[in-house]
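See structure below.
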4 protein chains.
Amino acid sequence: MGATTDFMTPEQRAELEALRAQRYETKRATVPALEDLLYTPVPILDHGFVRVVDYMGDDGAIVQAARVSYGRGTRRLSDDRGLIRYLMRHRHTTPFEMCEIKLHVKLPIFIARQWIRHRTANVNEYSARYSILDREFYIPDAEVLRAQSQTNRQGRGEQLSPDEAARVQELLREDAERAYAHYEELLNESPAGESPDEEQSGLARELARMNLSLNFYTQWYWKIDLHNLLHFLSLRADDHAQYEIRVYAEAILEHIVQPWVPFAYEAFCDYRMNSGNLSAGALSVVRALVAGRRAEADALRKESGISAREWRELMATLELDE
Amino acid sequence: MGATTDFMTPEQRAELEALRAQRYETKRATVPALEDLLYTPVPILDHGFVRVVDYMGDDGAIVQAARVSYGRGTRRLSDDRGLIRYLMRHRHTTPFEMCEIKLHVKLPIFIARQWIRHRTANVNEYSARYSILDREFYIPDAEVLRAQSQTNRQGRGEQLSPDEAARVQELLREDAERAYAHYEELLNESPAGESPDEEQSGLARELARMNLSLNFYTQWYWKIDLHNLLHFLSLRADDHAQYEIRVYAEAILEHIVQPWVPFAYEAFCDYRMNSGNLSAGALSVVRALVAGRRAEADALRKESGISAREWRELMATLELDE
Amino acid sequence: MGATTDFMTPEQRAELEALRAQRYETKRATVPALEDLLYTPVPILDHGFVRVVDYMGDDGAIVQAARVSYGRGTRRLSDDRGLIRYLMRHRHTTPFEMCEIKLHVKLPIFIARQWIRHRTANVNEYSARYSILDREFYIPDAEVLRAQSQTNRQGRGEQLSPDEAARVQELLREDAERAYAHYEELLNESPAGESPDEEQSGLARELARMNLSLNFYTQWYWKIDLHNLLHFLSLRADDHAQYEIRVYAEAILEHIVQPWVPFAYEAFCDYRMNSGNLSAGALSVVRALVAGRRAEADALRKESGISAREWRELMATLELDE
Amino acid sequence: MGATTDFMTPEQRAELEALRAQRYETKRATVPALEDLLYTPVPILDHGFVRVVDYMGDDGAIVQAARVSYGRGTRRLSDDRGLIRYLMRHRHTTPFEMCEIKLHVKLPIFIARQWIRHRTANVNEYSARYSILDREFYIPDAEVLRAQSQTNRQGRGEQLSPDEAARVQELLREDAERAYAHYEELLNESPAGESPDEEQSGLARELARMNLSLNFYTQWYWKIDLHNLLHFLSLRADDHAQYEIRVYAEAILEHIVQPWVPFAYEAFCDYRMNSGNLSAGALSVVRALVAGRRAEADALRKESGISAREWRELMATLELDE
């Protein structure tokens, strides 16, 4: 996770270094492992990143809130771990809401549109009504360029041939570059504020932006509590999520949540990410299988009334050949 | 508000007519004026629309909830009006949450991005991961093509010259058409499902969509309670809102909210849309002016400590020359 | 579910009958089975009830929103059922948010305090600042009076002896009656508005109410979308919920949700209420059991690393003796 | 604001002192004035308190989010102040959502019921299903015991006579003490866990609590962002709020918000707390008065169409005799 900083200007890098150099004394719950990461971008995709800007609470804060205690809650770490696992297992979600994190995220607009559907966060987005967007757009690497899935209407299938991938990349790049060149022409203003073409007024920023394509990068401050963050991650770090949002979710889960709240992270992996929800019908099948009726698969499928698709998923979950 | 339907296919028009022809008997609160509009699109911009798909409650439901009554609340309309005005004036907002409306909206993506920032609604958006978007994009009329405002960094100023406007429209149109042609090439699938180019796999829909620009149209079902709808309208039907979202807000306010809940609409106009909020400093100035100190404007401005900008806004509100 | 109406005054009954007698014509989605129930209270506990005051949408509205369609979505009921099951199974929750229901609920205050923790609903509660509460309080039936559970710190255990139960009921009743008598004395106002004791001013309502105990009844209008209602029911119709809230949840689930949206109800029962979530560790045990390692239970428990408590729960889920 | 700690046990006081003694190094935005207050209760009413348990952000964090900046936003404090005032004045609320605070509050249940109606916070309440509540209840001071207001159906009027006040206090105290004694009898468990009466099972905690009255104290952890906190305070620190919640709101505003985010506090006072909202009709009256038509008050009232009540409120706002 060596953070490269080539997506930042020298001024931005200097600002960031100034933040990282500051040292304050606090009585608040503090997580040294997260302090180490504070402010530093984790690079994602070709120009994106996610970085922690602030946080509130730690594993102990979950315990403290569950107990409505005057102090830190418990003293022994093993008690904290056990209670956190209990809370996660029984979906007592409110104590996890007592931790909060603020991230600065840079991401392609079409991913931002998926991301924002999670309504339980606070967001401040860079405004293209007010400011001019940078010439930065997403071009997928060849290995993630894939055909429409034949089995899942909202998924990807086979990797494209090298030739087709190259053509796709070329086409996306040319259109994005032309869109940006025209965006600048429409705006008719240079970064320094002059008008390149003095005969033209230039179009208002709030209008010119509409010429940019959905792979241009935007950025925002995004603040969310731990419970809602974990819910976001359970959906977006999942195999069914689009690759381009999944890489953000995975980075947040592994590089940020894990060092921040290690007990909550572990409980989340065991009871959410890597758990399985079995329907009433699936449970009846599992009980029969455990009771030794493996030879009667066809009969079980019929008895349970579950669909062919759900049956396949169940066999995969149980690691059984169909 | 004669709804044209040229933005709909014959199949869509037939579906809509079938809905409009249906008649059910209900004991629920029913608003005949809104029933007349039900399902019919109100055209907005060049390809957009908003249409009511369902609604719950009426002015009487606000009264009923405020009273937690067993029946309809009051019997006399004048009582209902008075109570609704009282509730609006004193910001007792929860009774307004008891009415709900569901709209189907078609709008350019860059406007959808503004719209979705209101987090208190339920949304189902047409999925470009799952389906193929239509070749429909927004080209502003010449009279709304304006230069960047010189005084407001997020606003529009002077109208563009006819020549410059024509150039802007041409440029937006060309880029959108090229983007769509390439989108189709990337997808490599015809509406009928065949692949125009059999040598190519075609790119997954969730990726190909990134080549489209922000003026393409999307659509969604949007459901919201009356209180949150009015809050949305107070911000988006305001003069400071971008023109392209304001036209939607104005259409909802005048064509939908007014016939649906006429008392709430009237109270909203009087106590929100056309009201003015005066700061502590502005109030002190107004008191002095009312007390006859009009000649001392300069002294009042200093005493009050309000900024030059706020002073200008106050004089405008009071319809006084500075 | 014959609704008794002895908890209503003759005026309230007349208001309710007037509502039930009204007939309007509508083009909106209408559910005859729910229309039959509209406005009629379902009695719960000794003085409580829940009744449907309004609703929006039906099973078809879920499909319509998932498809962002112009008409009703699909035409064949079997398609609707299949899609709704698919949506429920894959936790595509937003289409379920497109149905909305408004209930009038009368319930003891200590249950209202649990209920209100669900923040995703709209609420208008009868105001004891503004009005005088009725002399109605909850006294549990003898068979639900139970001792503190020995195994679950927030549950009930053994039923009390008849003598102890009678003593509990007597004590609760006496205290509630005294509290109400003193409430009236504090208020010093009769229903007709005169002051029984002319020497006394009487205490403001917003203060006098503090003398009432938590088993007094309050009532509210409560409006919620179907997705959030099902989430509420999954927690409150669960075995771990307190009996006094579970009876409300069960009544809503069986008497209201089932007739309103039968496909969504069925999918909810199969994929939520009667499903089981297996942790990563539990899944590994199940796979081993299905693979025939039933004899090695002790070894499996150790390998999986799951706690003794979780092991017991898993064995119960699988209907295996430990 | 010398925090007395007689409402805390020695164990609680020791836990709190341990927290106050801890010192960590952090790179996060830190507010020394708030660090001084951290963890220490501010006493409210007879047994209540509010104390800061954690916080995120400062005035600079508002600026930083508004700019979506890489560093601290601006460097000059005067710029920060100006931007924060601009944001508050134009209701750009999202940057204020980027600060978060966590409070531990102890308060009477009837006030907790008002408080919880604000749904935009995270809450963990002390559970009376799980634990036993303390023998602590609210008895109002004589000077806040007032009669029902004659003009405002949800307000207080004249102070009670000393005799009547004494009688009210005695009555509230007696009923609360009896309720608690019976609560203990119902529970039949001593703090040490034995059963005082070995013949009785004792009633489950989740049931016994219903005998307590609404003036008993509860407590919770309450976490909220600055925007929603200010909205809460604008309603609850207002003159129309019930005294018993207003004292909490005022303490939070003056003792916590002011030292935490002084610029936001100042802007909030000027543009919210001490501002006035004038309706369309009221604005037309003000314009006429400023234009010198003071002698025509009766005509203006009629022209404007505003109600007698609103007219009185306007005259009060303008500090004019009617």
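Nearest heavy-atom pair across A/V68 and D/Y126 is CG2-N, 3.5 Å. Of all the heavy atoms in A/W222 and D/M98, the pair that sits closest is N-CE, 4.4 Å. Of all non-hydrogen atoms in D/K102 and A/A61, the two that sit nearest each other are NZ-CB, 3.7 Å. The minimum heavy-atom distance linking A/Y39 with D/R28 is given by the pair OH-CA, 3.8 Å.
Looking at A/A65, the atoms closer than 4.5 Å to chain D (heavy atoms on both sides) sit in the backbone and in the side chain alike. Heavy atoms closer than 4.5 Å to chain D are found in the backbone of A/I101, but not in its side chain. Heavy atoms of A/F49 lying under 4.5 Å from chain D belong exclusively to its side chain.
Separating the CD atom in A/Q64 from the CG atom in D/L19 is a distance of 6.5 Å, to the nearest 0.5 Å. The distance from the CE atom of A/M56 to the CD atom of D/E100 is 5.5 Å, given to the nearest 0.5 Å. Distance CG/D/D54 to OG1/A/T26: 7.5 Å, rounded to 0.5 Å. To the nearest 0.5 Å, atoms OH (A/Y221) and CZ (D/R67) are separated by 12.0 Å.
Among A/N122, A/V123, A/N124, the one residue that satisfies the side-chain contact (heavy atoms from CB on, under 4.5 Å) test with D/E97 is A/N122.
In terms of non-hydrogen atom pairs under 4.5 Å with chain A, the most contact-rich of D/E17, D/R51, D/E125 is D/R51. Per-residue heavy-atom pair counts under 4.5 Å with chain D were compared for A/W220, A/Y55, A/Y130, and the maximum is reached by A/Y55. Taking chain D as the reference chain and counting heavy-atom pairs below 4.5 Å, the highest number among A/G57, A/P95, A/A18 is found for A/P95. In terms of non-hydrogen atom pairs under 4.5 Å with chain A, the most contact-rich of D/E11, D/R23, D/K27 is D/K27. Ranking A/V31, A/V52, A/L38, A/T94 against chain D, the residue ahead of the rest is A/T94, based on heavy-atom pairs under 4.5 Å.
Inspection of non-hydrogen atoms places D/H104, D/K106 of residues 103-112 of chain D under 4.5 Å from chain A.
In the model, A/T30 has no side-chain atom that pairs as donor or acceptor with a side-chain atom of D/E25 under 3.5 Å.
Residues satisfying the ring pair (Phe, Tyr, Trp, His ring centres under 6.0 Å) criterion with A/Y86, sequence neighbours excluded, are A/H90, A/H92.
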